[in-house]
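Right, one structure below, let's go through it.
Note that the structure is predicted; figures quoted are calculated from it, not measured. We count residues from 1, following the sequence as given.
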Amino acid sequence: NVPTVGASTILVSKSGGVLSALESATGETLWTAELGGRIVSNVLHGSDRVWVVTNADGGSAEARSRLRALDPVTGITESTIEVARGDTYS
């Protein structure tokens, strides 16, 4: 998992679909979000959202991939969009 660096935060994805934001100057954890699925994309830190794709269940053919938009200050998921499964997102 490659960290993503924003203006003043570093976003780190962990196993189990966990995403954390760290203060870049101090390393202090600002928030941690459990996304309810495996992270299957790079994390994009935009000016007003953090974007990431997750899979609800890695092995099931019925599992859905979701593009999630998170608030960069709180880590709360603001919206989700179902996306095609099997593609690579980077």
Side-chain angles (χ1 to χ4, degrees):
N1 299 337
V2 177
T4 300
V5 179
S8 62
T9 58
I10 300 170
L11 299 170
V12 179
S13 60
K14 303 174 186 176
S15 63
V18 176
L19 184 65
S20 294
L22 309 175
E23 169 61 47
S24 60
T26 64
E28 175 186 355
T29 300
L30 301 172
W31 53 259
T32 297
E34 294 184 17
L35 301 176
R38 198 169 46 97
I39 296 173
V40 295
S41 72
N42 291 332
V43 178
L44 175 63
H45 192 296
S47 60
D48 64 344
R49 293 287 178 268
V50 171
W51 300 91
V52 64
V53 177
T54 60
N55 280 351
D57 178 326
S60 170
E62 293 81 31
R64 303 290 181 208
S65 294
R66 290 186 169 72
L67 173 62
R68 297 176 182 273
L70 287 74
D71 182 292
V73 175
T74 64
I76 294 172
T77 299
E78 299 287 330
S79 64
T80 60
I81 301 169
E82 195 167 303
V83 294
R85 183 126 179 194
D87 293 333
T88 301
Y89 303 97
S90 57

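Side chain of R68 to main chain of L35: a donor-acceptor pair is present (N/O by atom type, distance under 3.5 Å, no hydrogens or angles). Within the 3.5 Å criterion, the main-chain N or O of S79 finds no donor-acceptor partner in the side chain of T77.
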*Assess whether side chain to side chain contact (heavy atoms under 4.5 Å, CB included) is satisfied between L22 and W31, documenting all intermediate values.*
CA-CA 7 Å; L22 309 175; W31 53 259; over 6 Å; no
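For E34, the CD atom counts as loosely surrounded, since its 6.0 Å shell holds 12 or fewer non-hydrogen atoms of other residues, nucleotides or ligands.
Applying side-chain contact (heavy atoms from CB on, under 4.5 Å) to V50 and the options L19, T9, L44 leaves one that passes, L19. The side-chain contact (heavy atoms from CB on, under 4.5 Å) with V52 is formed by just one residue from the set V43, V40, N42; it is V43.
Rounding to the nearest 0.5 Å places OG of S65 at 3.5 Å from CG of N55.
Scanning both residues, R49 and A69, for their nearest heavy atoms gives CD-CB, 4.0 Å. Nearest heavy-atom pair across L70 and G75 is CD2-O, 3.3 Å.
Using modelled atom types and a 3.5 Å distance limit, the side chains of S20 and T32 yield a donor-acceptor pair. Side-chain contact check for T54 and R38: no donor-acceptor pair (N or O, by modelled atom type) lies under 3.5 Å.
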